[in-house]
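The structure under discussion appears below in the form of structure tokens.
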Amino acid sequence: MFFGIFLCLDAFLYVFTLLPLRVFLALFRLLTLPCYGLRERRLLQPAQVCDILKGVILVICYFMMHYVDYSMMYHLIRGQSVIKLYIIYNMLEVADRLFSSFGQDILDALYWTATEPKERKRAHIGVIPHFFMAVLYVFLHAILIMVQATTLNVAFNSHNKSLLTIMMSNNFVEIKGSVFKKFEKNNLFQMSNSDIKERFTNYVLLLIVCLRNMEQFSWNPDHLWVLFPDVCMVVASEIAVDIVKHAFITKFNDITADVYSEYRASLAFDLVSSRQKNAYTDYSDSVARRMGFIPLPLAVLLIRVVTSSIKVQGILSYACVILFYFGLISLKILNSIVLLGKSCQYVKEAKMEEKLCNPPPTSTPGKPSSTSQSKCKSSQGLSTEENLSASVSSQPVHQKETVPPLLVTSSSDQFLTTPDGDEKDITQENSELKHRSSKKDLLEIDRFTICGNRID
């Protein structure tokens, strides 16, 4: 859970720190293009096109959010009854998951349409409807998160705290809906990713609530200590519910606790593979696909709340803003370095580094492999190529149909061709194959329809 939360933090800080710099460099290249001449066919690299699209979407949605009155929304929600607000909050949680599920598909379709090679100039017009659809999605998702944060703010400011108690008890209802169901390892992996995304989103919502309350009390530090017990209570209830839920799920389904180290290794594999030179996608996109976390709407809302809550006046204030920005960049770089080092360590512990390094071997149809070891290597090489391309170009269902027969045939050939004296070696190799296939299945899980382009 902690590893996944820091992954979400890394993708979230990317929007505030490195994305503006990348957009500035892409625009600088676009403006200075006549100095270099028109020798290259592409005006911009695919990664630069995606960065400019993200930046433009952020700016447009930020100005659109100025037409949404937060104060009117707050008083409108506060006038409702407690039961209505409880139902509204549950509906908002369901809507947030539905928005996240197809939101990344919309953004992937935009990136693919903008970066795919086009033979005719008329084909570039297809980017326009995808762009407007992406802007509409980010705007609506940001409004939905704003309503969710406003409801939580009303719960914090209620006199008898009854709404906050009901919303916290909603977490315990989640135990009832999930503990007594049958779960496989893959389903538990999806649930763990969803819990990580939900917990990180709640942390950002609590930050927004604290900012709005501190603004109303003229940034009095004494009021922060009034909010602190409620914030700790919400965070503690979320952690306690997740611990109890996962403990009983693993108990009732006979799943060992070691499976969480496999989940962590698969997340680390995503990070390491996306940082290679031949990566197919940006790391923030891979986190969004794996966990359902899309940082753009949350970043738009946080920028809107911070700019409306904090007034910057004078040279000293602007100097503090610049220092704060450099502090965010330092935090992002430090977090990325630590995450990359830990990810390499986890990948080595899980013995998955061969999937990153070994290229798929070429084999002629007329010469079958002589030993079972070469078959294992070939199957691993094929799975390596499929796993690396799974984040962009292929569907996970297709991989599950193609890869397992290779593992079955290799194990059956071992049983047919190996003498009786080597039975112990066979069982050891079969156990290793099962262990690797289980990890490979975790890597093949993808909650979204993937549509993307290779980004060099």
Side-chain angles (χ1 to χ4, degrees), residues 11 14-15 19-20 22-24 26-27 29-31 33 40-68 94-147 280-301 303-304 389-396 446-456:
Y14 170 81
V15 179
L19 182 61
R22 291 171 63 97
V23 172
F24 174 76
L27 292 177
R29 173 183 168 82
L30 196 61
L31 292 175
L33 195 64
E40 299 180 2
R41 289 188 60 188
R42 281 186 175 273
L43 299 178
L44 295 173
Q45 296 297 324
Q48 294 175 328
V49 174
C50 294
D51 292 334
I52 290 178
L53 288 175
K54 290 179 184 178
V56 173
I57 290 173
L58 276 175
V59 172
I60 292 177
C61 292
Y62 169 73
F63 284 107
M64 290 172 67
M65 289 294 291
H66 279 284
Y67 294 96
V68 181
V94 176
D96 181 44
R97 295 183 180 182
L98 294 178
F99 267 72
S100 299
S101 64
F102 69 84
Q104 188 62 35
D105 296 339
I106 294 176
L107 296 176
D108 279 341
L110 172 65
Y111 301 151
W112 167 255
T113 310
T115 57
E116 66 176 341
K118 300 176 179 63
E119 297 179 356
R120 296 179 300 175
K121 293 184 178 181
R122 190 178 300 176
H124 292 276
I125 302 177
V127 181
I128 298 176
H130 286 284
F131 177 76
F132 283 112
M133 193 180 299
V135 170
L136 181 63
Y137 155 71
V138 174
F139 177 65
L140 292 179
H141 199 175
I143 290 179
L144 184 129
I145 300 174
M146 175 182 277
V147 177
Y280 289 88
T281 181
D282 185 68
Y283 174 64
S284 59
D285 295 330
S286 65
V287 170
R289 293 189 186 99
R290 180 71 73 181
M291 298 184 184
F293 173 68
I294 303 175
L296 289 181
L298 207 57
V300 169
L301 178 60
I303 294 173
R304 169 73 174 86
S389 61
S391 61
V392 175
S393 58
S394 62
Q395 297 291 333
D446 204 335
R447 298 179 59 196
F448 307 100
T449 306
I450 298 168
C451 176
N453 187 27
R454 174 169 177 170
I455 299 176
D456 295 324

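None of these values were measured; they are calculated from a predicted model. When a residue number appears, it is its place in the shown sequence, counting from 1.
- Looking at every heavy atom in both residues, Ala114 comes nearest to Val127 through CA-CG2, 3.9 Å.
- You'll find the side chain of Phe131 reaches within 4.5 Å of the side chain of Ile57, heavy atoms only.
- Within the model, atoms CG of Leu44 and OG1 of Thr115 stand 12.0 Å from one another, a figure rounded to the nearest 0.5 Å.
- Tested against Val15 for a side-chain contact (heavy atoms from CB on, under 4.5 Å), the candidates Ile303, Val300, Leu58 yield a single pass: Leu58.
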Practice item. For Leu298 and His141, run side chain to side chain contact (heavy atoms under 4.5 Å, CB included): C-alpha distance rounded to whole Å, both residues' side-chain angles, the deciding distance at 0.1 Å, then the answer. Key: CA-CA 8 Å; Leu298 207 57; His141 199 175; over 6 Å; no
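- Using cut-offs of 30° and 60° on the angle between ring planes, the pair Phe99 and Phe102 is tilted.
- Taking both residues in full, the closest heavy atoms of Val23 and Gly55 are given as CG2-CA, 4.3 Å, listed atom of the first, atom of the second, then distance.
- Rounded to the nearest 0.5 angstrom, Leu140 CG and Ile145 CD1 are separated by 11.5 Å.
- In this structure, the separation between CH2 on Trp112 and CG on Asp105 is 15.0 Å, given to the nearest 0.5 Å.
- One distance of note links NZ of Lys54 with CG of Leu110; it measures 10.5 Å at 0.5 Å rounding.
- Rounded to the nearest 0.5 angstrom, Ile52 CD1 and Arg29 CZ are separated by 10.5 Å.
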Exercise for review: Could you check Tyr137 against Gln104 for side chain to side chain contact (heavy atoms under 4.5 Å, CB included), going step by step and ending with a plain yes or no?
Suggested key: CA-CA 10 Å; Tyr137 155 71; Gln104 188 62 35; over 6 Å; no
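- Side-chain contact between Cys61 and Arg304: absent, with no pair of heavy atoms (C-beta onward) separated by less than 4.5 Å.
- Side chain of Arg22 to backbone of Asp51: no donor-acceptor contact under 3.5 angstrom is found.
- Residue Leu136 holds its CG atom at 8.0 Å from CD1 of Ile106, rounded to the nearest 0.5 Å.
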